[in-house]
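What you see is a predicted model, and the numbers here were worked out from it, not measured in a lab. A note on names: the letters A, B, ... follow the listed sequences, proteins ahead of strands, and every chain is numbered from 1.
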Amino acid sequence: MRVHHFTTPKSDESKESNQDFIGYDIKRKIFAIADGVTTSVFPEIWAKIIVNQFLENTFRDKDLSNEFLKNWLFIAIEKFSESISKLDIDQFMRDLAVDKGAATTFLGCQILDQKKTKKIRIWAIGDSNIFHINNNKIQNLFPVAKIEEFSNMTEAFSSLPEQNRSNLSVSEWEIHEGDTIVIATDAFSKWFLWASINGQKPWNKIRKNLFRMESFIKKLRFNKKINDDDTSFIYIKF
Amino acid sequence: MYDVKISRKNPALIILLIDQSHSMNEQFFSAGGKTFTIAQIAKYVADRFLYEILSRCLKGNDIYDYVDTAIIGYGTSIKSALPKVGLDEFPIPSSYLPKIFIRRNEKNSSDEEFPLPRYEWVESVANGYTSMLSAFNKAKQIIEEWIPDHRDSFPPIVLNITDGMPTDDIELVERMQNNTLGEMETLNIFTTAKKIQEMRTDNGNVLICNAHVSPEKITQIEFPNNVDNIENPFAELMFVMSSVVPKELFELGREYRFNLSEGSRFFVFNAEAKTLLNFINFGSGASLKKVDDQSGNEKLGLPEK
């Protein structure tokens, strides 16, 4: 299994302003991506906490109870509050962080080695997406299946407990040798799906541009093929 | 139209006009064992509105100047509704707001229906007459001076909260004493509102949104598209003074559970407290939700399902 990842902020923005976060543990075969909601407060901090929380406390069961998820998020929320309290910021910012909260999409997955096959189990909330490529075509995609589902509205994990009403979506697929998995935040996912529908085999484009991805994305943005947004993906080749 | 992203280069302008006449002292709403006057609810709505501007403009450790705003109170005369800002200093940029609050409150329980706003900028005032015409004239002046430098911006929005008729449009007062408006087009307040609505940026005409509140338990009218069911001359006047809701904003209006159709006006009559809050959120959200952090791909966390 070979793994590559890439992340870049919007054009002309600093690295620190990137509200996407990627994390993975190759040994334990767990991967996660999060996209902070821009209109929330300190979304980049929350996105990082949620991904790291998944790496430290990976889900086991396919279906998670509300109680489990509530407790899992509680730990993340405590970490968020602690992070905010340590920032050198005005009281105003601190109050906004507490009152308005942060929000992020999330997609986490784990590769499960079984006797004869591998499986990938995926948990997701929001419009970060995962694509499974087999025999040079998209075999599975989740949770977003159509381009029109990428919109300005998304479900998300919130740092305000009372805002977390939506549950995670879950899926599971078989994986074979030679398959490719791409996990991406929405801007890249939308392009990926569009390119696939238009016969462009975006998984091959990623493979060919792995070591010059910055300029590849820049070109896509210049040609308005991709939204100028924080852009992140994980590429896994089996 | 009504779709341009808001940025520091192209900020929005939102003007809030608040009736501060004596009748705003009427008891209006009760929640959690507390009773609020109309003036107190109007103040609450204004404070929430300003805090929402701040949260939209927060970027890292800075408040970006995405929104210019003016909050004008009108009683016997017009004045700034913000004790720390002079009337002639409007509009003020969003980055100025953290410097001019008058009170900070600790966070209340989220279970409270109307929790104390975290920050307060506005004083609750209910004294004197209703110089609404003067308030609209002041709004017109602010917009006239603002638009030339902001041609590419989202059009300015004027939000007006009142519980009654203007008393400084003499012609209107006289006609109402005879219980007839006559030809509304000849009223000063009507022509002022029309002149405001004729002003525009390249993204659309200025929008006027009128919210009439009443402590009496009378049927609310929300976003009407005609005056057939309105047998109140003042309501008819406010209706024609209110802008038609652009269809580009229908989706946003539905988020606030307003029933919009072609020709719906930005107008609520006999609004209850919650309706007023949603109305102001919708009216201001028309531009606030276009805040762009230069991505061209704004994301909004969904509220509860």
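Contact of A/E16 with chain B is not made at all, since no heavy-atom distance falls under 4.5 Å.
One finds the CZ atom of A/F92 at 11.5 Å from the NZ atom of B/K99 (value rounded to the nearest 0.5 Å). One distance of note links CD of A/Q91 with CZ of B/R118; it measures 7.5 Å at 0.5 Å rounding. In this structure, CG on B/L54 lies 11.0 Å from CG on A/D99, to the nearest 0.5 angstrom. Separation of atoms CD (B/E52) and CG (A/L96) is listed at 9.5 Å; rounding is to 0.5 Å. Here the CG atom belonging to B/L58 is positioned 10.0 Å from the CG atom belonging to A/D90, to the nearest 0.5 angstrom.
Surrounding CD of A/E82 are at most 12 heavy atoms belonging to other residues, nucleotides or ligands under 6.0 Å away. The local environment of CG in B/N259 is sparse, with at most 12 non-hydrogen atoms from other residues, nucleotides or ligands closer than 6.0 Å. Enclosure of atom CZ in A/F74 is not indicated, since only 12 or fewer non-hydrogen atoms of other residues, nucleotides or ligands lie within 6.0 angstrom. For OH of B/Y96, the number of neighbouring non-hydrogen atoms (other residues, nucleotides, ligands) closer than 6.0 Å is 12 at most. In this structure, A/F222 places its CZ atom where only 12 or fewer heavy-atom neighbours from other residues, nucleotides or ligands lie under 6.0 Å away. Other residues, nucleotides and ligands contribute more than 12 heavy atoms inside 6.0 Å of the NZ atom of B/K84.
Side-chain contact between A/M93 and B/I63: present, with at least one pair of heavy atoms (C-beta onward) separated by less than 4.5 Å.
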